[in-house]
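For the numbers below, each heavy atom of this structure counts, side chains included, while hydrogens, waters and symmetry mates do not.
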Amino acid sequence: MASFKNYCESKGLFIEKDLDYYAMISDKALDKEYHYGRSKPGTFGYEANKGSAKFALEKLEKGETNIDVISDAIHQGWASVARTYDDPVYATKPEKKVNRLKLADTSYFDLPEEEKEKDRVVARALLDAFRKEHEKI
């Protein structure tokens, strides 16, 4: 069976479009669970969701289904964005950057349970969406 990525490439679909789709799923799951509000393209939240989706999809495409393994990938994706995204909010809230970088520098497995659960919420939503998309192939 072809991977979802290979399927998308064979159909001429853009992987960036797929990241946007999975970022939206991540965003929706976090908003449903934590009432964060929905992120918009060009914001830290949106870019962090895309980073998380990218890292998660790499695991999902290889057949990974373990929620903590996928959650670890999600955290790594979020962390990569947290380390590089220059959020305008830092000008008025520099503590936001400090807090994000502290979380980014912490391994998923060393995070407090409430932080791990945020990654698990996303992992479950992405795994479910990936399975549904993959069944269509």
Undergrad: Considering residues at least two apart in sequence or located in another chain, which fulfil the side-chain contact (heavy atoms from CB on, under 4.5 Å) criterion with E114?
TA: P112
Undergrad: Does T106 offer a backbone N or O that forms a donor-acceptor pair with the side chain of H75 under 3.5 Å?
TA: yes
Undergrad: Is any side-chain heavy atom of L57 less than 4.5 Å from a side-chain heavy atom of Y22?
TA: yes
Undergrad: Can you name the closest pair of heavy atoms from A53 and A23 and give their distance?
TA: CB-N, 4.1 Å
Undergrad: Atom OG in S80, atom OH in Y85: separation rounded to 0.5 Å?
TA: 13.5 Å
Undergrad: Tell me, do Y34 and V121 make a side-chain contact under 4.5 Å, heavy atoms counted?
TA: yes
Undergrad: What residues form a salt bridge (charged side-chain N to carboxylate O under 4.0 Å, His left out) with R100, not counting sequence neighbours?
TA: D87
Undergrad: Which residues satisfy the side-chain hydrogen bond (donor to acceptor under 3.5 Å, both in side chains) test with S26, sequence neighbours excluded?
TA: N49
Undergrad: According to side-chain contact (heavy atoms from CB on, under 4.5 Å), who are the partners of L101, at least two apart in sequence or on a separate chain?
TA: R83, K97
Undergrad: Say you draw a straight line from CG of L127 to OG1 of T65; how long is it, rounded to the nearest 0.5 Å?
TA: 6.5 Å
Undergrad: Mind checking what makes salt bridge (charged side-chain N to carboxylate O under 4.0 Å, His left out) contact with E95, not counting sequence neighbours?
TA: none
Undergrad: Mind checking what makes ring pair (Phe, Tyr, Trp, His ring centres under 6.0 Å) contact with Y90, not counting sequence neighbours?
TA: none
Undergrad: At their closest point, which heavy atom of F130 faces which heavy atom of L60, and how far apart are they?
TA: CE2-O, 3.5 Å
Undergrad: Under the salt bridge (charged side-chain N to carboxylate O under 4.0 Å, His left out) test, which residues partner E64, sequence neighbours left out?
TA: none
Undergrad: For W78 and A104, work out which heavy atoms get closest and say how close.
TA: CZ3-N, 3.7 Å
Undergrad: Compare all side-chain heavy atoms of I70 with those of R120 and state whether any distance is below 4.5 angstrom.
TA: no
Undergrad: Output all residues satisfying side-chain hydrogen bond (donor to acceptor under 3.5 Å, both in side chains) with D128, sequence neighbours left out; order by chain, then residue number.
TA: K132
Undergrad: With a 4.5 Å cut-off on side-chain heavy atoms, are Y108 and I74 touching?
TA: no
Undergrad: With sequence neighbours excluded, tell me which residues meet side-chain contact (heavy atoms from CB on, under 4.5 Å) with K54.
TA: L19, E58
Undergrad: Measuring from L30:CG to K118:NZ, what's the distance to the nearest 0.5 Å?
TA: 8.5 Å
Undergrad: Using the side-chain hydrogen bond (donor to acceptor under 3.5 Å, both in side chains) criterion, which residues pair with D119? Sequence neighbours excluded.
TA: none
Undergrad: Could you work out, with side-chain hydrogen bond (donor to acceptor under 3.5 Å, both in side chains) as the rule, every residue matching Y46, not counting sequence neighbours?
TA: D20
Undergrad: Could you list all the salt bridge (Lys or Arg N to Asp or Glu O under 4.0 Å) pairs where at least one residue sits in residues 32-48, not counting sequence neighbours?
TA: D27-R38
